[in-house]
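Shown next, in structure tokens, is the structure this report addresses.
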Amino acid sequence: MSKASPQKTVPAIVLHPDDTVATLLAGAKTGDNIAIGSHQPLVAKEDIPIYFKLCLSDQKAGSDVIKYGQTIGTAQTAIRKGEKVHIHNMTSKRGRHSGH
């Protein structure tokens with residue numbers, strides 16, 4: 001018989017009202033509750049390391065990923081609320097140059 005670990009509450013922050021992601025302030029395990037200031041709490045859909053991004057609402061492939069009120073990337077797949085957002089499911093706009 002496996003013993004499930006108890007859920008915990010993990011704090012996260014949203015830096016701008018337009019953001020589509022929050023930043024975790026502690027590592028989360030699948031099923032942990034995520035407390036995000038005045039936002040609706042949500043549940044981690046997978047294990048997510050500290051300081052990684054967490055999706056705040058279901059996103060379609062091709063949608064903008066917004067952090068700091070700025071578009072930082074594009075979702076490469078549909079991303080569900082509570083999933084990690086990183087290079088496995090987002091193309092970053094960081095380091096992209098216009099060629100000038």
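Every heavy atom of this structure was used, including side-chain atoms; hydrogens, water molecules and symmetry mates were not.
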Point to revise | hydrophobic_cluster_shared for V21 and M90, side chain cutoff 4.5 Å | key: yes

Point to revise | Sequence neighbours excluded, every pair satisfying side chain to side chain donor-acceptor pair (under 3.5 Å) that has a member inside residues 40-49 | key: T30-D47

Check your understanding: So which heavy atom on Y68 is nearest to which on D19, and how close?
Key -> N-OD1, 3.0 Å

**Study point:** Between CG on residue L24 and CD1 on residue I48, distance to nearest 0.5 Å
**Key:** 5.5 Å

Check your understanding: Any sub-3.5 Å donor-acceptor pair from T74's side-chain atoms to D64's backbone N or O?
Key -> no

**Study point:** Expected output: side-chain D32 to main-chain K8 donor-acceptor under 3.5 Å
**Key:** yes

Study note, to complete from the structure: Applying side chain to side chain donor-acceptor pair (under 3.5 Å) to T23 and not counting sequence neighbours gives K67

Review point. Who passes side chain to side chain donor-acceptor pair (under 3.5 Å) against T9, sequence neighbours left out?
Key: none

Review point. Would you say I34 and L54 make side-chain contact, with heavy atoms under 4.5 Å?
Key: yes

Point to revise | Test side chain to side chain contact (heavy atoms under 4.5 Å, CB included) applied to N33 and V43, step by step | key: CA-CA 5 Å; N33 297 308; V43 175; 3.8 Å; yes

Review point. Which pairs count as salt bridge (charged side-chain N to carboxylate O under 4.0 Å, His left out) when at least one residue sits in residues 68-83, sequence neighbours excluded?
Key: R80-E83

Check your understanding: For H86, which residues count as a side chain to side chain contact (heavy atoms under 4.5 Å, CB included) partner, sequence neighbours excluded?
Key -> F52, K53, K84, H88

Check your understanding: Do S57 and Q59 meet the criterion of a side-chain donor-acceptor pair at a distance under 3.5 Å?
Key -> yes

Review point. How close do K60 and A75 get, heavy atom to heavy atom, and via which atoms?
Key: O-CB, 3.7 Å

Point to revise | Distance, nearest 0.5 Å, that separates CG of N89 from SG of C55 | key: 8.0 Å

Revision key, fill the gap. Taken in chain and number order and not counting sequence neighbours, the residues that satisfy side chain to side chain donor-acceptor pair (under 3.5 Å) with Q70 are none

Practice item. First locate atom CD1 of I72, then atom CD1 of I66, and finally report the distance between them rounded to the nearest 0.5 Å. Key: 9.5 Å

Exercise for review: Under the side chain to side chain donor-acceptor pair (under 3.5 Å) rule, collect the residues that match up with T71, sequence neighbours excluded.
Suggested key: none

**Study point:** Heavy-atom pair of closest approach, residues A44 and K29
**Key:** CB-O, 3.6 Å

Practice item. For A22, enumerate each residue passing the side chain to side chain contact (heavy atoms under 4.5 Å, CB included) test, keeping only those at least two apart in sequence or located in another chain. Key: A12, V14, I36, L56

